[in-house]
Number of protein chains: 2
Amino acid sequence: MASIHDVAKEAGVSVATVSKVINHYPDVSEKTRKKVKNAIELLRYRPNVIARGLVTGRSWTVGVLINIPFTNPYVAMLLEGIKTALENSGYDLMRLSARLNDPEYSFVNHCQSRNLDGVVVFGVDKDHLSIQELIESGIPTMFVDTDATGLRAGNITTDNRNGAHMSVRHLAQLGHRRIAYLAGTPGHEVNESRLAGYRDGLEASSIPYRKEYIMSGDYSYDSGFQGMKMLLELDEPPTAVICISDMAAFGVIHAIETHGLNVPGDISVVGFDNIYEAELFKPALTTINQNIHTIGVKLIEELISMIKNPDYPPPVVTEPSSLIIRESTAKCREFGE
Amino acid sequence: MASIHDVAKEAGVSVATVSKVINHYPDVSEKTRKKVKNAIELLRYRPNVIARGLVTGRSWTVGVLINIPFTNPYVAMLLEGIKTALENSGYDLMRLSARLNDPEYSFVNHCQSRNLDGVVVFGVDKDHLSIQELIESGIPTMFVDTDATGLRAGNITTDNRNGAHMSVRHLAQLGHRRIAYLAGTPGHEVNESRLAGYRDGLEASSIPYRKEYIMSGDYSYDSGFQGMKMLLELDEPPTAVICISDMAAFGVIHAIETHGLNVPGDISVVGFDNIYEAELFKPALTTINQNIHTIGVKLIEELISMIKNPDYPPPVVTEPSSLIIRESTAKCREFGE
DNA sequence: CTGAAAGCGCTTACAG
DNA sequence: CTGAAAGCGCTTACAG
């Protein structure tokens with residue numbers, strides 16, 4: 001590909017001058033600007049972003065560290081939002097093949113070695129060594145669903161607490177009192193916030209908290225299935241269950257049906273996320289909507305603001321959640337009585 | 001971050017020598033190698049990939065141009081395979097924010113400006129200007145589901161033709177003779193291959209081809225829903241329908257049920273792709289499995305081979321497909337009789 | 001075995 | 001308004 005030297009030669013000027021017209025410096029005569037522009041056109045010249053980055057220190061690249069499969073619908077929607085926001089920004093997105101389990105590996109070094117302008121992190125534990133190092137590095141960073149912050153690090157998350165609260169209230173209004181919570185991984189911020197919201201909801205409806213109604217899981221279909229099987233073996237099984245994710249809810253429903261019971265006839269089920277499939281599933285899933293696409297878009301907008309302005313305060317944004325009522329919840333009618 | 005100069009100073013050697021130990025040149029004395037290694041350790045130095053790339057011409061970056069939403073399960077699985085294959089290769093993946101509709105924009109320039117070592121293209125029309133330019137550029141390229149090739153460009157795809165053929169045979173064995181094809185976009189290679197397989201299947205079972213049984217669509221849920229509604233209005237509606245994708249099949253089933261008919265009682269439905277949801281759907285979907293994850297892995301392996309060896313012949317690989325029989329197909333029993 | 005020098009493709013003071 | 005020169009962080013012949 002033609003280099004800036006080729007253009008300079010073609011136009012009969014110096015490379016410095018070519019550089020100035022590329023970068024829209026005002027102090028270039030109209031005449032030489034024309035000459036240079038013609039040469040650029042003729043040679044189909046495009047500046048090499050890499051070389052430019054070496055001197056300006058900017059790569060026009062945003063890195064992403066996502067430690068969750070792309071096949072996870074939540075991840076897919078997030079990436080779609082990120083992609084949308086990036087579209088005409090001039091930035092490209094780089095997925096880093098991070099070897100987080102290799103003690104020799106440093107995520108920060110990886111980012112610096114690639115000159116990344118900013119980075120988004122999703123699905124990595126807040127107190128992972130790499131994350132601490134990242135925060136201290138001063139690389140503009142946005143965390144998703146992790147309440148980490150730093151001088152140049154902000155985060156964004158859904159209002160998980162209120163989401164779970166709404167689920168409980170909805171079920172309580174339908175007459176449910178035995179409401180289980182099929183949870184995520186203990187310690188995960190998302191899980192803890194929703195657990196808090198669940199307890200808020202119980203309290204608001206004067207329903208006592210029962211430890212045996214809490215099942216830990218890992219957000220997957222399978223963990224929903226397994227957890228529900230255990231709940232069904234309780235002396236007093238729940239009449240409703242709130243799930244940490246829609247995928248887990250699908251597993252829960254499958255377990256209930258396998259057990260010969262019906263959703264929502266015997267047991268009501270609420271999901272979390274409102275993934276595309278929630279609507280197609282039978283019964284269509286009552287769930288908490290997260291504006292994941294919006295989160296993806298906003299997170300990039302904020303990140304770019306941080307990149308462009310060193311004084312931009314690291315944002316902490318909470319995106320509202322909402323209850324979507326479909327077919328998987330109904331009036332409580334105690335089964336087996 | 002520490003540069004090679006810092007390391008050289010710390011170790012008391014030249015930058016050339018540091019470079020040699022980094023790159024495992026043999027002609028360095030054990031003693032200075034030690035000194036340098038210590039300095040590297042001390043300063044936590046990592047070579048700057050960008051700067052290195054400027055001189056070696058390699059960026060250790062693979063670009064990806066995907067013109068389909070990440071939320072498409074097929075895309076997600078493909079990316080997951082790509083990710084897996086990239087994991088310990090030293091390459092990172094860059095998603096290019098390509099402005100394909102901007103006439104000023106050149107995809108090849110974009111790749112060159114970023115020094116990409118190779119690129120994978122999915123979901124872009126074969127005769128898009130950018131694609132032609134790309135093939136001619138000599139940048140190592142792998143196309144997915146597009147039969148483009150070039151001096152440095154190969155492709156990979158599922159055996160679509162045989163997949164569709166198997167679907168028809170399966171339905172014919174169940175006694176179906178009125179088999180519709182809810183197709184994709186006319187002109188798309190994937191669509192044409194499957195249409196050919198569909199006709200192969202009809203022929204093998206001596207079923208005449210009926211033009212009114214072909215419905216074009218765009219692979220989406222909605223196009224399945226709309227297409228099926230039209231098929232149901234035919235004087236002689238089909239008793240079975242083969243779909244271009246699982247998502248379209250879900251739409252088809254929804255249309256059938258909305259019409260008051262049952263799947264598979266009244267009409268059998270076969271999908272294509274075998275996405276994760278196919279198994280969870282009710283009725284669980286009979287479909288053609290594509291080894292999408294494997295395609296993602298192989299495609300990167302081939303691409304890296306092409307990158308590393310200029311003489312590596314551009315591969316054209318066809319991944320086998322297979323029929324997965326579930327609950328959405330059953331013996332033909334003509335309804336409305 | 002070691003290092004000085006040129007160069008990858010750019011930008012940025014600075015001198016004229 | 002224009003351009004020579006230094007430099008971003010590396011690698012690679014080449015001389016010693």
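Lettering follows sequence order; numbering is per chain, from 1.
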Pairing nucleotide - D/dA13, Watson-Crick or G-U, each distance under 3.5 Å: none
Between A/Arg44 and B/Glu133 (salt bridge meaning N to carboxylate O under 4.0 Å), is one present in this structure? yes
Any strand counts, and the cut-off is 3.5 Å on both contacts for Watson-Crick or G-U wobble. Which nucleotide pairs with C/dA4? none
Under 4.0 Å between a Lys/Arg side-chain N and an Asp/Glu carboxylate O for A/Glu80 and B/Arg95? no
Under 4.0 Å, heavy atoms only, any strand: does A/Thr56 hit a base, just the sugar-phosphate, or nothing? sugar-phosphate
Look at all strands and tell whether B/Arg33 reaches a base, only sugar-phosphate, or nothing, counting heavy atoms closer than 4.0 Å. nothing
Does the ring of A/Phe70 carry B/Lys83 above it, NZ/CZ under 6.0 angstrom from centre and within 45° of its axis? yes
Parallel, tilted or perpendicular: which one describes the rings of A/Phe107 and A/His110, with boundaries at 30° and 60°? perpendicular
Checking all strands, does B/Asp27 fall into the base, sugar-phosphate, or nothing category for heavy-atom contacts under 4.0 angstrom? base
Which pair of non-hydrogen atoms, one from B/Asp117 and one from B/Trp60, has the smallest distance, and what is that distance? OD2-N, 2.6 Å
Any base atoms under 4.0 Å from B/Ser29, or only sugar-phosphate, or nothing? Heavy atoms, all strands. sugar-phosphate
Donor-acceptor check, side chain of B/Thr158 to backbone of B/Asn160, threshold 3.5 angstrom: yes or no? no
Any base atoms under 4.0 Å from B/Arg58, or only sugar-phosphate, or nothing? Heavy atoms, all strands. nothing
Heavy atoms of chain B, cut-off under 4.0 Å: which first and last nucleotide of DNA chain C, 5' to 3', fall inside that, if you could look? C/dC1 to C/dG9
Relative to the 5' end of DNA chain C, which residue comes earlier, B/Glu30 or A/Ala51, by the nucleotide with the nearest heavy atom? B/Glu30
Given that A/Ile50 and B/Lys20 both sit by DNA chain C, which one's nearest nucleotide is further toward the 5' end? B/Lys20
